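If you're wondering where the values come from, they're calculated on a predicted model, not measured in any experiment.
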Amino acid sequence: MVALLLAALDQTIVATALPTVVSELGGVSQYSWVFTAYVLGSTVTVPLYGKLGDAHGRKPLFMIAISIFLVGSVLCGLAQNMLELVIFRAVQGVGAGGLFPLTLAMVGMIVPPRDRGKYQGLIGSVFAGASIIGPLIGGFIVDNASWRWIFFVNVPVGIAAMAVIAVTMPKRPYRQEHSIDWLGAAVLALGTTALLLGLVWGGTDYPWGSRQVIGALVASAALLTAFGVIEKRVREPILPFDLLRNQTVASSVACLFLVGAAMFGTISFVPLFVQGVIGTSATSSGVVLTPLLLGAVTTSFLSGQVVSRTGRYRPNTLVGPIVLGLGELMLWRLGVNSTNADAAKAMVIAGVGLGLMMQIFVLSIQNSVSRSAMGSATALSQFSRSIGATLGVTLMGVIVNQRLPAGVSGEGAVIHRLPPSSRAALAHAIQPAFLLAVVLCALVFVISLLWVREAPLRKGLDDVPPLVGDEGSPQQAAVRSES
C-alpha cells in the first residue's frame, strides 16, 4: 500500500498539472507524449519485474523500483525542454513498472481468491486518498509555485515508502532459479516504441504515407513478430502466452487492455478539456478529476466486499462497461458552455463504472490459474492494461492533434485563458477522444458477455482452479498433474 501510494500520487498530481507544464515547455501538441513515455517505460518492464521477483524475491525489487522512480522524478523536475521531460518520464515509468505488479502478485500469493476482494478494497483506499489529495496538490503547486515541484514532491514519499518496506517486509530466505528472457524484453520494447512513434508521427510531424511513418509501423510489425517467435523458443517466456489458451484468461486480458485504454485516455485528456475549454485553473481541474478517481475507488472497495461475500464476479464485468460507457458519452457531449459541475457528474459515473470492474478482471485471471503461475498471470494482466493505456493515450493524442487549433498548439499558449474561438476548436478536437472510449466500453461488454466465464472463487491458496471450457489447455493439464 505504501509503494502504491507513491505511484498513485504521481499519476493524479501530474495529470492535473500537465497542461500547464506542456504549455510552458513545448505546446499541447506534445501533450500525449509525456503520458506515453511514462506508460511505455512501465509497460515493457512489468514482465521483467515479475520474473525477477520470482527469482530474487520482491523486497529488493521494490527497493530498486522505487529508487529508479525517484531518480526519474528528480530528473523530470530538472528538465529544460520537452525532449528531456519525455525521456525522464520514461525513466520514471521504468521504476513505476515494478510497483503495481509486485503489489498485486504479493496479494495473489498470500490471500485466497474468495477473500481477495477485501484486500483489494484496502489497496483501493490508497487510490482513494491519492484521488482526493493528489489533484489538489498538483493544482496548488502549479497555481502557487513552480511546476517542477510536482515531481520533487515524490522524493519524501518515496523515501518513506523505502523505509517502511525495509523495516516491515521480510526477505525471502531462499532463491528460485529462473531464466530471464532479456532478448525478448528488448525486442518487445523496441517493437512497442516503433509502433507508438508511427502513430504519434502520422499526420502531425509527417504525412501518414511518408517513409518515416510507414517505416516505423513496418519495423514495429517485424519486431513484434520476432518477439512472438522468440517467446515460442525460450525456456521461460517473458509473457506466458500459453495461459491465453484458457478462454477466461484470454478474454479477461482483452478486457483489461480495452479498459486500460479507456481509463488512461480519460484521465489524460479531461484536465486539458476542463482547463482549455471550460477555462478553469489547474486547481479547479484537479477538483473535477477527483470524482472519477474517488468514484472508482469507492465502488471498487464496495464491489470487492460483495464479490468476497457472494463469490460471484461476472455481474461486475457486464455492468461496469455499461456505466463507464455512459460516463464517457456524457463527457463527449460537453462543450464550451459546460460547467465544472457538468464535468464532475460525468466523471462520477465514469468512476463508478471503472470501480465495478477495475480489479475484477485481474481476479478472474488469478482464479483461473494455479498458484505456481500466479506471478506470470498477474504480470500478464498488468502488461495488457499497461499496453492498452499506452495505445489508448497515443491514439487519443493522435485524434486530438489532427484537429488541434493553431492557437492552442503553439508554444507559450496559456491553456485556461484561450479566446472563445480557440476554446470551441479545442472542444471539437478533444470530443472524438471521449467517443473512442465509448466504443472501447462497448467492446468490453461484448467480450465479457460472450467469453468471460463465471467460475467459483477458490477458498484456499492451493486449490486447483476450476475447469470451465478449458480442459485441453496445457496450463490446466499442468494443474491436474500437480494436484
Visitor: Work out which heavy atom in A343 is nearest to a heavy atom in L331; give both atom names and the distance.
Guide: O-CD2, 4.5 Å

Visitor: Testing the basics here: between V249 and S368, what is the closest heavy-atom pair and its distance to 0.1 Å?
Guide: CG2-CB, 3.9 Å

Visitor: Could you tell me whether the side chain of L449 reaches within less than 4.5 Å of the side chain of F445, counting heavy atoms only?
Guide: yes

Visitor: Considering only heavy atoms from C-beta outward, does the side chain of F151 approach that of V14 to under 4.5 Å?
Guide: yes

Visitor: With side-chain hydrogen bond (donor to acceptor under 3.5 Å, both in side chains) as the test, pick out the partner of S364 among S251, S252, S381, S448.
Guide: S252

Visitor: I'd like to know if the side chain of S303 and the backbone of S300 have a donor-acceptor N/O pair within less than 3.5 Å.
Guide: yes

Visitor: Could you check if a side-chain atom of F434 sits within less than 4.5 angstrom of a side-chain atom of L329, using non-hydrogen atoms only?
Guide: no

Visitor: Identify the two heavy atoms, one from L244 and one from A250, that lie closest to each other, and give their separation to 0.1 Å.
Guide: O-CB, 3.3 Å

Visitor: Within the structure provided, determine whether Q92 and D10 are in side-chain contact (heavy-atom separation under 4.5 Å).
Guide: yes

Visitor: Pair L224, V187 - check side chain to side chain contact (heavy atoms under 4.5 Å, CB included), show working.
Guide: CA-CA 7 Å; L224 293 178; V187 173; over 6 Å; no

Visitor: Using every non-hydrogen atom in the two residues, find where E454 and Y313 come nearest and quote the distance to one decimal.
Guide: OE2-N, 2.7 Å

Visitor: Should L380 and V253 count as side-chain neighbours, where that means a heavy-atom distance under 4.5 Å?
Guide: yes

Visitor: Less than 4.5 Å apart, any side-chain heavy atom of M1 and any of L4?
Guide: no

Visitor: Under 4.5 Å between any side-chain heavy atoms of T192 and I387, yes or no?
Guide: yes

Visitor: Which atom pair, heavy atoms only, marks the closest approach of I447 to C255?
Guide: CG2-SG, 3.6 Å

Visitor: For the side-chain contact (heavy atoms from CB on, under 4.5 Å) test, which of V94, I64, N154, V91 pairs with F69?
Guide: N154

Visitor: Where do L324 and A350 come nearest, in terms of heavy atoms and distance?
Guide: CD1-O, 3.4 Å

